[in-house]
Amino acid sequence: MTTELLFRNDAYLKTARAQVVAVHERGIELDRTIFYPMGGGQMGDSGILLRANGEQVAIVDTRKGDGIDSVVHVADPPMPQLQVGETLTLEIDWLRRHALMRLHTALHVMSCVVVAAVTGGNIAPDKARLDFDIDMSLLDAKKIEEETNALIARGVDTETVWITDEELDARPELVKTMSVQPPRGAGRVRLLRIPGIDLQPCGGTHVRNLAEIGGIRVLKIRSEGKRNKRVEIALAT
């Protein structure tokens, strides 16, 4: 079952209507969704599904399903008795999502300040991190914070662009992440472009303009092994 991913074209959708296509032990599948499923280091969305009778179904997590672009909405137990074909109103936890969007975009910017292969990453609502294959002596928290915030202050608009699998294969330098490869098989790959700053594959949700980030603070830098040096950040405000 393929889910129409509404967030892919508009990450600012806070509500939408959708029909139930399946209910099983893992969760609820809909024909379309604004809920982003965990992936690429970004946590899955939470929120509610509102039934016609006013009953609210709390969604505590969102995960990828078994098929390409299939999404499973994980409900707070016990599982509600939803009916296939039932129409629901979807509402995401917008404050949580927007924090994820701001931090995810900030990591893209920071990856242009710390010039090294990315070995891992994670985005939560309160903090985010990237792991780099770099010598610890080359990481300075003050410098990373100042240079990242200087790029954010440019207020550049972000853009979503698409290239074919073959075009990506011909441009391996676009892939900065060693641990996660862009999904192939659908025929095209989604990129985030920040003109003059960054261009790389990413299926996550991002802010429209860097100014929305506001700024970041470097919380800590620590070694997580020979090839993993972790830089952890939070939003400045």
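Numbers for residues simply follow the sequence, beginning at 1.
- Rounding to the nearest 0.5 Å gives a distance of 4.5 Å between CG of L107 and CD1 of I233.
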Without placing hydrogens or testing angles, list every side-chain donor-acceptor pair under 3.5 Å for residues 38-47, not counting sequence neighbours.
from	atom 1	to	atom 2	distance (Å)
Q42	OE1	H104	ND1	2.7
Q42	OE1	T205	N	3.4
Q42	NE2	T205	OG1	2.9
D45	OD1	R97	NE	3.2
D45	OD2	Y36	N	2.7
D45	OD2	R97	NE	3.0
D45	OD2	R97	NH2	2.7

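- For the pair V23/Q81, no side-chain contact is recorded, criterion being any heavy-atom separation below 4.5 Å from C-beta on.
- Salt-bridge annotation for R208 and D10: present, with a side-chain N of the basic residue lying under 4.0 Å from a carboxylate O of the acidic one.
- Closest heavy-atom contact between A124 and L103: O-CD1, 3.2 Å.
- In this structure, D76 and V60 have side chains that are in contact, with non-hydrogen atoms separated by less than 4.5 Å.
- At least one donor-acceptor pair closer than 3.5 Å links the side chain of N209 to the backbone N or O of G155.
- Although no hydrogens or angles enter the test, the distance criterion places a donor-acceptor pair under 3.5 Å between the side chain of H73 and the main chain of I28.
- Using modelled atom types and a 3.5 Å distance limit, the side chains of R188 and T164 yield no donor-acceptor pair.
- A 4.5 Å side-chain heavy-atom check between L30 and V20 finds at least one atom pair inside the cut-off.
- Closest approach of H108 to C202, counting heavy atoms only: NE2-SG, 3.4 Å.
- In plain terms, the two heavy atoms of A16 and L6 that are nearest each other are CB-CD1, 3.9 Å.
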Would you please test V207 and H98 for side-chain contact (heavy atoms from CB on, under 4.5 Å) and show each step?
CA-CA 8 Å; V207 294; H98 195 228; 4.1 Å; yes
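- A salt bridge does not link E232 to R129: none of the charged nitrogens lies less than 4.0 Å from a carboxylate oxygen.
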Is there a side-chain contact (heavy atoms from CB on, under 4.5 Å) between N228 and R230? Walk through the geometry before answering.
CA-CA 6 Å; N228 294 294; R230 179 163 297 173; over 6 Å; no
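- Within the 4.5 Å cutoff, side-chain heavy atoms of R154 are placed close to those of I197.
- Pairing each heavy atom of L168 with each of P201, the nearest pair is CD1-CG, 3.9 Å.
- From T62, atom OG1 reaches atom CZ of F7 across 9.0 Å, with rounding to the nearest 0.5 Å.
- The CG atom of L139 sits 5.0 Å away from the CD1 atom of I144 when rounded to the nearest 0.5 Å.
- A salt bridge is absent between R171 and E167: the closest approach of a Lys/Arg side-chain nitrogen to an acidic carboxylate oxygen does not fall below 4.0 angstrom.
- Distance check: L235 CG to T237 OG1 gives 7.0 Å after rounding to the nearest 0.5 Å.
- Panel note: side chain N149, backbone E145; a donor-acceptor pair is recorded below 3.5 Å.
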Run the side-chain contact (heavy atoms from CB on, under 4.5 Å) test on V118 and F132 for me, step by step, so that the C-alpha distance in whole Å, both residues' side-chain angles and the decisive distance to 0.1 Å come before the verdict.
CA-CA 5 Å; V118 176; F132 297 96; 3.9 Å; yes
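- The two residues E29 and H24 make their nearest non-hydrogen contact at OE2-NE2, 2.8 Å.
- Both V57 and L88 sit in one connected hydrophobic cluster of ILVMFWY residues. Membership requires side-chain heavy atoms under 4.5 Å apart, directly or through other members.
- With values rounded to the nearest 0.5 angstrom, L210 atom CG is found 11.0 Å from T148 atom OG1.
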Check the pair K143 / E147 against salt bridge (charged side-chain N to carboxylate O under 4.0 Å, His left out), numbers first and verdict last.
CA-CA 6 Å; K143 180 174 181 289; E147 293 188 7; 3.1 Å; yes
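- L13 and I92 fall within a single hydrophobic cluster, where Ile, Leu, Val, Met, Phe, Trp and Tyr side chains are chained together by heavy-atom contacts under 4.5 Å.
- Under the 4.5 Å side-chain heavy-atom criterion for grouping Ile, Leu, Val, Met, Phe, Trp and Tyr, V218 is connected to M136 within one hydrophobic cluster.
- L50 and V74 fall into different hydrophobic clusters, defined by Ile, Leu, Val, Met, Phe, Trp and Tyr side-chain heavy atoms under 4.5 Å apart, directly or through other members.
- The shortest distance between side-chain heavy atoms of K14 and E91 does not fall below 4.5 Å.
- Clustering ILVMFWY residues whenever any of their side-chain heavy atoms sit less than 4.5 angstrom apart, transitively, puts V72 in a cluster other than the one holding V21.
- Heavy-atom minimum distance, A99 versus P125: CB-O, 3.5 Å.
- The CG atom of D69 sits 9.0 Å away from the NZ atom of K64 when rounded to the nearest 0.5 Å.
- No side-chain heavy atom of D198 sits under 4.5 Å from any side-chain heavy atom of V109.
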Assess whether side-chain contact (heavy atoms from CB on, under 4.5 Å) is satisfied between L90 and R17, documenting all intermediate values.
CA-CA 6 Å; L90 288 56; R17 291 172 68 80; 5.8 Å; no
